[in-house]
Structures are given as structure tokens and as C-alpha cells.
Amino acid sequence: MTNCPPPYSTVWRSLMINDEARSEVYDPNAIIDKWMTVWDELRTFEARDLTSGYEEQPRSYVVSMFPYPSGDLHMGHAEVYSISDALARYLRMRGANLLNGIGWDSFGLPAENAALKRNLDPREWTYTNIETQAESFRRLGVSFDWRTRFHTSDPEYYRWNQWLFLRLFAAGLAYRKEAAVNWCPTDQTVLANEQVVAGACERCGTRVIQRPLTQWFFRTTAYAQRLLDDMAQLEGKWPHEVLAMQRNWIGRSSGAHVDFAVEGRDRPVRVFTTRPDTLFGATFLVVAVDSPLADELCSPEQREAFEAYRKETVTSTAIERLANDRPKTGVPLGVSAVNPVSGARIPVYAADYVLAEYGTGAIMAVPAHDQRDLEFARALGAPVRVVVDTGAPDPTETGVATTGAGRLVNSGDFTGMDNSEGGAAIIEWLSGSGLGERAVTYRLRDWLLSRQRYWGTPIPIVHCDACGLVPVPDDQLPVRLPETGYTLRQEGGRSPLESAEEWVATSCPSCGGSARRDTDTMDTFVDSSWYFLRYPNPGYTDGPFDPAGVARWLPVNEYIGGREHSTGHLMYARFLVKALYDLGMLSFNEPFERLTNQGQVIMNGKAMSKSLGNLVNLQEQISRYGPDAVRVTMVFAGPVEEDIDWADVSPTGAVKWLSRVWRLTGDLPDQTAGEADPGLRRAVHLLIAGATAAMDDRRFNVAIARLMELTSALRKATDRGPGAANPAVREGTEALVRMLSCFAPFTAEEGWQRLGHTPSVSDAGWPEADPALLVEETITCVVQVNGKVRERLDVPTGIGESELREFVLTSDRIRALIGTATVDRVIVRAPKLVNIVSAR
RNA sequence: GCCCGGGUGGUGGAAUGGCAGACACGGCCGCCUUAAAAGCGGCUGCCGAAAGGCGUGCGGGUUCGAUCCCCGCCCCGGGCACCA
């Protein structure tokens with residue numbers, strides 16, 4: 001980005017022309033166009049870059065999670081951007097060279113569904129909506145630097161998605177495997193785990209089924225430990241619950257790998273367990289029914305039973321499989337294994353309660369000390385062997401597995417040990433014998449990123465019969481989506497791109513023979529995992545992002561968005577940034593320094609969404625109250641992270657306040673007269689200090705409360721105090737208008753102009769509270785008797801402890817209160833509080 | 001089941017160990033007005049005529065002092081959930 005801000009004079013003069021005939025009624029919607037134009041002309045919200053002499057200015061980079069263009073902006077958008085814009089404007093006014101980026105997350109399923117429904121091109125729907133939203137953002141007065149703008153569905157953007165994919169592919173971080181995937185029969189696509197809610201498709205609510213398919217993955221599991229460890233950097237800067245959720249999602253658990261020899265197989269079966277101390281109690285093994293291992297181990301005699309069971313499992317829906325109160329089922333595989341410590345021959349089962357994708361896909365079952373294993377053992381008649389004496393009743397009789405601590409029993413040489421020490425000893429023995437070792441497993445899965453959809457980034461791989469998977473060379477990127485010759489609706493989950501025969505047919509970049517393009521597109525979370533790297537230079541053509549721009553602005557200082565992205569988007573972005581760090585493309589390993597989650601806007605306790613109907617329409621609210629009042633209402637409603645019930649808040653209250661400010665700015669004469677009123681000045685500076693502290697803590701609702709107090713103080717001073725001409729009134733009003741511009745930019749600009757200034761008020765800076773004025777001469781001291789407030793006395797601020805004690809104890813009123821009671825103790829916290837403790 | 005939040009007037013919320021209820025919404029009263037709206041001003045936690053008492057989900061604890069810290073419980077919201 002290159003720019004230097006233009007001089008104000010010429011632009012401003014041209015805009016002054018029609019201002020003579022200004023209305024005397026506050027009309028918030030009448031001033032929108034005027035200030036939109038001024039900000040554009042003055043380039044008020046453009047970041048300054050290195051070439052224009054601003055290299056010394058501290059920089060700040062604010063990003064709100066970019067919007068998906070589903071129609072026009074709604075109430076939820078207005079909330080996020082009211083908050084992020086208040087923050088951006090504040091940081092800017094405090095002197096930061098600020099970059100506030102905007103783009104669109106414009107690939108994704110809704111465009112395709114809309115296109116199918118209305119029989120049009122997804123591009124048309126997408127880009128029309130983007131234009132609508134862009135205009136709405138401008139009319140909402142959001143201080144974006146519009147030069148950052150791009151859309152992920154632009155070939156100039158998704159080209160770099162492909163490029164990044166190829167770098168990960170080369171690094172072994174992108175790979176293909178067949179997996180049982182979540183399949184939505186209605187949308188005809190694979191879904192990520194995060195897109196499956198309670199066993200149903202997040203989008204259409206259809207029951208999701210399991211289905212094997214060869215899919216592309218990113219190896220996020222390779223970063224599990226670092227995703228966990230690097231959270232240390234985020235502690236205290238990200239919401240606590242987001243970190244907790246991510247920790248949960250990664251699900252680190254430590255224990256051991258144990259190898260069980262299996263008859264008729266060279267290699268042992270490896271299991272993961274968190275309870276190596278219970279190894280002597282492992283009375284059978286269970287292998288995930290849908291794993292290749294189960295298929296391999298199955299004996300010919302059991303084949304028929306196994307196949308029947310497997311078929312039943314695979315066709316069962318995710319809901320059924322996820323219900324954990326369902327009876328345990330399984331089949332014996334007809335082979336036996338050897339418990340490595342006890343030497344006991346134990347049977348091997350296949351069951352659906354063991355997950356193929358977690359751990360090794362096989363477990364050692366210890367029914368005495370694991371409830372699930374116990375239920376399975378009882379259902380299939382497998383033996384139970386108690387090996388930890390916890391003092392609880394025998395699980396064989398109660399049907400309740402004992403999971404507590406205790407002493408090892410029936411455990412060979414380890415008998416008698418405390419179970420935690422015994423576990424360590426068993427691991428040591430296993431390691432020494434080459435039969436196992438300490439191990440850590442994670443719940444986190446690899447990122448399934450291929451989608452059988454049209455409106456996404458084509459995967460830049462060519463399938464060649466001779467050469468296999470061949471990356472598309474960088475100089476042939478982007479692999480553009482075909483604009484014609486495809487059919488969106490395909491049967492049986494085939495990608496729409498398969499129907500674009502001309503597009504699919506290509507030549508192998510390696511051998512030149514005929515080959516086929518990969519027909520899957522990428523999950524849109526790929527697009528959103530790095531967009532913030534591109535804002536500093538969205539037109540950059542030599543790579544996905546401009547290294548100089550990234551060095552200048554990244555990492556993102558303030559990231560604002562919804563809590564729903566805690567384990568999805570935020571995890572993916574963290575992963576990708578770490579991968580790019582390892583590839584030497586970035587010098588930082590966490591993308592977002594500080595994260596703020598805003599709540600949702602609800603109505604009468606009900607969430608608003610497209611399916612449930614947007615109960616409140618943003619544009620209607622704006623036309624009724626004006627953009628500023630809507631913004632103020634959003635921010636004043638409560639702490640940013642709390643939900644806002646629109647039924648509980650009042651845009652009319654905001655309108656009333658804004659028009660009070662507006663009238664105040666019109667009531668001040670051009671010239672001040674007399675001496676500044678000292679009481680008012682102190683009040684003004686106290687309120688500036690209060691608002692500033694609240695802004696620093698991101699407690700915007702409290703900051704607005706201080707501005708409202710300031711408004712009242714100034715109104716009162718004008719009407720019944722030192723008068724509108726008093727310099728303190730002007731000083732306070734100017735401070736008010738400057739601070740107001742963070743929340744109500746249109747009204748603030750208008751007020752600033754009415755006060756006789758040239759725009760932009762955003763360039764006037766945030767007012768500084770004068771510390772000298774914050775000190776008062778006297779202060780109200782609270783006097784408590786036995787912890788209850790009984791009296792308030794004015795005392796000098798600088799009063800000493802003993803002096804204050806004396807003063808209070810000798811005051812007539814206090815002596816009357818104490819009466820004949822004995823004073824036991826006097827706690828003095830000069831100058832604010834004295835507590836007299838008397839015995840009863 | 002496990003892991004996080006949260007519970008304060010009629011309502012949204014302030015106060016993070018020291019005056020509970022800032023700032024608003026709503027309500028009531030007054031001024032202005034022929035009238036209404038707007039505006040401006042006052043009152044508004046509960047009980048009580050008042051004096052005063054009570055009061056931050058419930059019970060305990062620590063402290064001179066607890067909305068705030070600790071222990072137990074109840075209720076509400078969110079996340080994860082057959083993860084071995």
C-alpha cells in the first residue's frame with residue numbers, strides 16, 4: 001500500500017458549500033452521505049505505510065472475522081463491527097498508525113444452493129451480495145481501510161490457496177487417504193466433524209451417515225503438541241473459555257502403547273491405554289470394527305458374523321453410533337492375543353465402541369476398571385479380573401467399574417504397589433522388554449479439507465495413471481473454476497467438477513500424457529486461515545502475501561469475532577501459521593495476539609438466523625434510528641462478550657442521547673469568554689480519565705456511560721452554570737465529541753463541524769486527562785461503625801492516618817453514634833474510610 | 001458424565017476486598033404548551049408513617065469489613081461427549 005494523506009483544505013472547502021442551510025433538528029440519516037464522502041476524500045482511515053514518513057509511529061492491526069456474503073448485513077454483523085470499529089477508532093485516536101482490514105469469505109455452500117434454487121451462476125449471487133454488504137458497511141460508518149479489500153473467491157486470491165496447498169503437499173502436510181467420513185445425503189457432501197451437530201448436518205439438519213471416501217487431509221495432528229504449548233503466549237489475551245475449548249478439542253492424554261502378540265500374525269497388535277497399571281486386568285482386546293485391522297485379524301470362521309456386524313455399523317447413522325447409553329455390541333474375531341505381562345491368552349473382539357481414528361484403533365479391555373469395557377464384557381460374557389483394590393465393591397457384582405486409586409492385586413511382581421507407582425513400573429518393564437513404551441495421544445484429528453462442491457478452490461493436483469498425484473506447477477496457477485460446462489447437482493456424492501469434462505481432461509505436467517484434474521474443492525476454512533496475511537497488500541502477485549507488509553503489520557494485534565469459531569477457524573489459522581513458520585515464510589507462530597469474542601444479538605431470548613427468521617432487520621433499524629444510534633445501542637447494551645437481547649435495549653435512548661450531544665454542539669458560541677470554571681474542568685477531566693480507563697479495558701459500555709455523564713454535566717453547565725461561553729464548557733464539549741467519534745462517527749463529525757472545526761474529528765486525537773486536575777482538595781470519608789456506614793465527612797485529600805482517626809473520633813456525631821460502647825479497634829484507610837469496631 | 005461461564009432493582013447493566021445498584025430503559029410527578037410531542041427538572045432496591053431495618057441464588061467460612069476470596073449446595077447458559 002502506498003499513500004500519503006492529502007491536505008484537508010481543498011476537499012473540505014468544497015464540502016462546506018451547502019452547510020449554511022443546516023437543519024435544527026437532529027436527523028441522523030441526513031448526514032450519512034456527506035461524511036462517507038468526506039472520509040473517502042480525506043482518506044481518513046487509510047493506514048500510513050513506510051514510504052510516507054510514518055515508520056516511527058506505533059502500528060496497530062485490527063481485524064474482525066471477515067463476513068460471508070449471505071445477503072445484506074444483519075444485526076450480528078452490526079454488533080461485531082460496532083465493537084471492532086470502536087476499538088480501531090480508539091487505537092487510531094490514541095496515536096496508532098492503524099490498519100483495519102476488510103474482505104469477504106466468499107466461497108461456500110450457500111452460494112451454490114442459491115444458484116441451484118434460482119438457476120443462476122454462484123458468482124452472480126456472491127458478488128451482488130458483496131456489493132450490498134460493502135455499501136451497508138460504508139453507511140454504517142465502519143472505518144475500514146478499503147484498499148485492503150479482496151474476496152476469497154477471486155482467482156487472484158484462491159490462486160494462493162492452491163500455492164499454499166502445494167507447499168504443504170511438498171512438506172508432507174497434505175495427503176490423501178480413504179476414511180470413513182461424515183456424509184450428508186441432502187447436501188451430497190462430506191462434512192468436517194465441526195459441521196456435524198448432534199449427528200445432523202449443520203446446514204440442513206439431515207442425519208449424517210458414515211461413508212468411506214478417499215479424501216485430502218492436512219496433517220494438523222503433527223502440530224497437536226505445539227497448538228497446545230503455544231497457548232502459553234495467548235494466556236490472558238484470549239478469552240479463557242476459548243483456550244479451554246481448544247485444550248479440550250486437542251485432548252492430549254498420556255499413557256502407554258502396549259504390544260499384544262496375536263496368533264498367526266508376525267506383528268503384534270498395538271493398543272493405547274491411559275491405565276498401564278491395569279494391564280494384568282486386560283482380559284480381552286477390542287478392535288474398531290471399521291478399521292482395516294479388524295478386517296485383517298478376522299478368522300475365516302468368524303468372517304460371516306464379522307461382515308454382518310460391520311455392515312450394520314457402517315449403515316448406522318452418526319446419531320445412533322454416538323449415543324453412549326446404547327448397549328454394547330461386538331463380535332469375536334476368532335483369534336487370540338497374549339497379555340504381555342501375565343502371559344494369559346485373551347480373545348480379540350471387533351466392536352463399534354472403539355474408534356478407528358483414535359489412538360491405534362484397538363484397545364486392551366480392562367472390564368474391572370473401565371465402565372465401557374465392563375458393559376461390553378457383561379454383554380458378551382467375557383471375564384472380569386480385578387487388579388486394583390480401590391476399597392469399592394467388586395465390579396463383577398455391582399456392574400460398576402472401579403476407577404479410583406488403590407493397591408495393585410493379582411498383578412504378578414507388581415502386586416502390592418500403589419497403582420500410580422505400579423503403572424510407571426509396568427511401563428518401565430514393558431520398555432525394557434520391547435513390548436511397549438510411554439505414549440501420548442490426542443483427540444485432535446487431521447483436517448479433512450476436500451469437499452465435493454463446486455464453489456470453492458480447486459485442488460491443484462493432476463491424477464496421472466503413469467505418475468500418480470502430480471502437483472500443478474506454480475506457473476500454471478491458478479487452476480480456475482470452469483465457468484461453463486459443469487452441472488451443480490451430481491448423483492452419489494461426485495463432485496460437480498467431474499461433470500466439467502473439458503476442464504477435467506488435462507495433460508500430466510510430469511510426463512505429458514493424458515491425465516485428469518482433481519475434482520474436489522477445498523474447505524473454505526482454508527481460505528479463512530490466512531486472509532489476514534493478505535490485507536497489508538491484497539494485490540501482491542509474487543506470493544500469497546507481501547513479506548514486507550506482513551513484517552510491518554503482523555501478527556494481528558486485535559482479532560474480533562464470534563465464539564462459534566473457537567475450535568474451527570481459530571484452530572485452523574493457528575495450524576496454518578505454524579506450518580508457514582516452519583516453511584520459513586513467517587517469523588511468528590501465532591496469528592492473533594489478542595482475541596475478543598462478541599456475543600450474539602437475540603430477540604426475546606431467541607437466536608436470529610436465516611432459518612429462524614431475522615426477527616429484527618438491520619436496515620429497518622438504521623432507517624428508523626440512524627446508524628450511530630444502532631451502533632451506540634449495540635455497544636452500550638453490556639459487556640462485549642455478552643449476548644444482547646434486542647427486546648431489552650433501547651435505540652430510542654441512544655437517539656435521545658445523540659441528539660442531546662448534537663444540540664449541545666449547536667449551543668456553544670464561537671468565542672469563549674471568562675475564566676474556565678474549575679469545578680467543571682475537574683469533572684470533565686475525571687470523566688475523560690474514566691472513559692479512557694474503560695476503553696483500555698475494552699469495557700465500552702462503561703466508557704459510553706462516562707460520555708453520557710459528561711453530556712449531562714455540560715448541559716447543566718450551559719443552562720444553569722457558568723454558561724455556554726465558558727472555556728471549560730468548550731473544552732468538555734470538544735473532548736466529548738472526540739471520544740464520541742469511536743461509537744457514533746457521523747454525529748461526532750457533525751458536532752465537530754458545528755463546533756467550528758475542520759474534519760475529521762478522528763484526526764483530532766483522543767483527549768488527555770490532566771493528572772493535576774484529577775486531584776481534589778477534599779474527599780468524602782466514609783465512617784463505618786462495625787462495618788456499617790454511619791456517617792460521611794469531608795476531609796482533606798492528603799490527611800494522615802492518625803490525623804483522620806483523631807478527627808473522626810472527636811466528631812460529635814460519631815461520638816453520639818458510639819455512645820457508651822467500648823471502642824475496640826479503629827481501622828483507618830486514609831482518606832476514604834474509617835471503620836470503628838466496638839465490642840458488643 | 002467431564003470441562004468452562006454465569007446468578008446484583010421491574011429491565012439491560014455498574015461496582016473486583018472499603019459508600020451496592022454508576023449509566024441507561026421503563027415507571028411516577030412537575031415545568032413548558034391552547035393541546036400533544038419533543039425538551040427540561042425531580043423521584044424511583046425492598047419493608048416501614050417515620051426512626052430504622054433488610055438486601056447481590058442458598059448455607060457456611062476467612063476478614064475490622066465480602067457482590068468480590070475460600071468450602072458445600074441449588075439453578076441457568078455454553079462446550080465436549082463410547083477418545084481407551
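Just so it is clear, the model here is predicted, and its values are computed rather than measured. So that the names make sense, note that chain A is the first sequence line, chain B the second, and so on, each numbered from 1.
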- Query: Would A:Asp373 and A:Met364 count as a side chain to side chain contact (heavy atoms under 4.5 Å, CB included) if you check the C-alpha gap in whole Å, the side-chain angles of each, and the deciding distance to 0.1 Å?
  - Reply: CA-CA 9 Å; A:Asp373 296 346; A:Met364 63 178 214; over 6 Å; no
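Note: CE (A:Met364) to P (B:A84) measures 12 Å, nearest angstrom. In this entry the distance linking CG of A:Leu355 with P of B:C80 reads 16 Å, nearest Å. Rounded to a whole Å, the CD1 atom of A:Ile602 is 12 Å from the P atom of B:G77. Rounded to whole Å, the distance from CD1 on A:Ile644 to C1' on B:G13 is 12 Å. What separates CE of A:Met708 from P of B:A24 is a distance of 6 Å, to the nearest Å. Between the CD atom of A:Glu564 and the P atom of B:G5 there is a distance of 20 Å, rounded to whole Å. Here the C1' atom of nucleotide B:C25 and the CH2 atom of A:Trp646 are 13 Å apart, to the nearest Å. Straight-line distance from the CZ atom of A:Arg825 to the P atom of B:C64: 5 Å, rounded to whole Å.
Closest of all the heavy-atom pairs between A:Ser254 and A:Phe272 is C-CZ, 4.2 Å. Closest non-hydrogen pair, A:Ile827 versus A:Arg825, comes out as CD1-NE, 3.9 Å.
Residue-level contact check: A:Tyr442 touches neither bases nor backbone, having no heavy atom under 4.0 Å from any strand. Backbone-only contact: A:Val789 has heavy atoms under 4.0 Å from sugar-phosphate atoms and none from a base. Using a 4.0 Å heavy-atom criterion, one finds that A:Gln371 contacts no nucleic acid atom at all. Within 4.0 Å (heavy atoms only), A:Ser253 reaches sugar-phosphate atoms of the nucleic acid but no base atom.
Each of B:C80, B:G13, B:G79 was ranked by its minimum atom distance to the side chain of A:Arg443; first place goes to B:C80. Considering only side-chain atoms of A:Val702, the nucleotide from B:A14, B:G12, B:A84 that sits closest is B:A14. Checking B:C19, B:A22, B:A84 against the side-chain heavy atoms of A:Asp370 singles out B:A84 as nearest. With distances taken from any side-chain atom of A:Asn248 to the nucleotides B:C80, B:C4, B:G18, the minimum falls on B:C80. Distance from the side chain of A:Asp648 is smallest to B:U11 among B:U11, B:A24, B:C82. The A:Thr274 side chain lies nearest to B:A84 when the options are B:A84, B:A14, B:C25.
If you run ring pair (Phe, Tyr, Trp, His ring centres under 6.0 Å) between A:Trp447 and each of A:Phe217, A:Tyr572, A:Phe525, only A:Tyr572 comes through. Of the options A:Val386, A:Asn419, A:Val388, a side-chain contact (heavy atoms from CB on, under 4.5 Å) to A:Thr278 is made by A:Val388 and by none of the others.
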- Item | Contact letters for nucleotides 27-33 of chain B, in which S counts primed atoms plus P, OP1 and OP2 and B counts the base, heavy atoms under 4.0 Å | -------
- In the 5'-to-3' direction, what one-character label does each nucleotide of nucleotides 35-45 of chain B receive under the scheme B = base within less than 4.0 Å of a protein heavy atom, S = sugar-phosphate only, - = no such atom? ----SSS----
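Comparing the C1' positions of B:G79 and B:A66 gives a spacing of 31 Å, expressed to the nearest Å. Straight-line distance between the C1' atoms of B:G26 and B:G13: roughly 14 Å, to the nearest whole Å. With both ends at atom C1', the span from B:A49 to B:G59 equals 36 Å, rounded to whole Å. One P atom belongs to B:G48, the other to B:G57, and the distance between them is 24 Å to the nearest Å. Distance noted for atom C1' between B:C19 and B:C68: 16 Å (whole Å). A gap of 33 Å separates the C1' atoms of B:U67 and B:G41, to the nearest Å. Comparing the P positions of B:G27 and B:G17 gives an interatomic distance of 37 Å, to the nearest angstrom. For the P atoms, the distance from B:A51 to B:U16 is 30 Å, rounded to whole Å.
Defined by atom type and a distance below 3.5 Å, a donor-acceptor pair is missing between the side-chain atoms of A:Thr220 and A:Tyr442. There is no side-chain donor-acceptor pair under 3.5 Å between A:Thr747 and A:Trp662. No hydrogens or angles considered: a donor-acceptor pair under 3.5 Å links the side chains of A:Gln246 and A:Arg574. Donor-acceptor pairing under 3.5 Å is lacking for the side chains of A:Arg385 and A:Ser342. Of the N and O atoms on the side chains of A:Thr718 and A:Asp667, not one donor lies less than 3.5 Å from an acceptor on the other residue. A donor-acceptor contact closer than 3.5 angstrom links the side chains of A:Thr329 and A:Tyr309.
For an aromatic pair to be called close, the ring centres must be under 6.0 Å apart, and A:Phe700 with A:Phe636 fails this.
Between A:Glu642 and A:Arg829, the residue anchored nearer the 5' end of RNA chain B, judged by the nucleotide with its closest heavy atom, is A:Glu642. Where A:Val242 and A:Ile363 meet RNA chain B, the nucleotide closest to each residue was compared, and A:Val242 sits on the side nearer the 5' end.
At least one side-chain heavy atom of A:Val348 sits under 4.5 Å from a side-chain heavy atom of A:Leu297. Side-chain atoms of A:Thr633 and A:Ser650, non-hydrogen and from C-beta on, never get closer than 4.5 Å to each other.
Taking the centre and axis of the six-membered ring of A:Phe376, the NZ or CZ atom of A:Lys328 falls outside the cone set by 45° and 6.0 Å.
Base pairing in RNA chain B yields stems of at least 3 consecutive Watson-Crick or G-U pairs, both distances under 3.5 Å, namely B:1-7 with B:74-80, B:10-12 with B:23-25, B:26-31 with B:39-44, B:45-47 with B:52-54, B:57-61 with B:69-73.
When the side-chain nitrogen and oxygen atoms of A:His240 are compared with OP1 and OP2 of B:C4, none of them lie within a distance under 4.0 Å. Contact check, A:Tyr353 against B:A84: no side-chain N or O comes under 4.0 Å of OP1 or OP2.
Between the side chain of A:Lys832 and the base of B:C19, no donor-acceptor pair of N or O atoms lies under 3.5 Å. Side-chain N/O atoms of A:Asn835 and base N/O atoms of B:C64 include a donor-acceptor pair closer than 3.5 Å.
In this structure, B:G9 is classed as syn because its glycosidic torsion stays within 90° of zero.
Residues satisfying the side-chain contact (heavy atoms from CB on, under 4.5 Å) test with A:Ser659, not counting sequence neighbours, are A:Tyr26, A:Arg663. A:Ser82 pairs by the side-chain contact (heavy atoms from CB on, under 4.5 Å) definition with A:Arg631, A:Met634, A:Val635, not counting sequence neighbours.
Within residues 682-697 of chain A, no residue has a heavy atom under 4.0 Å from RNA chain B.
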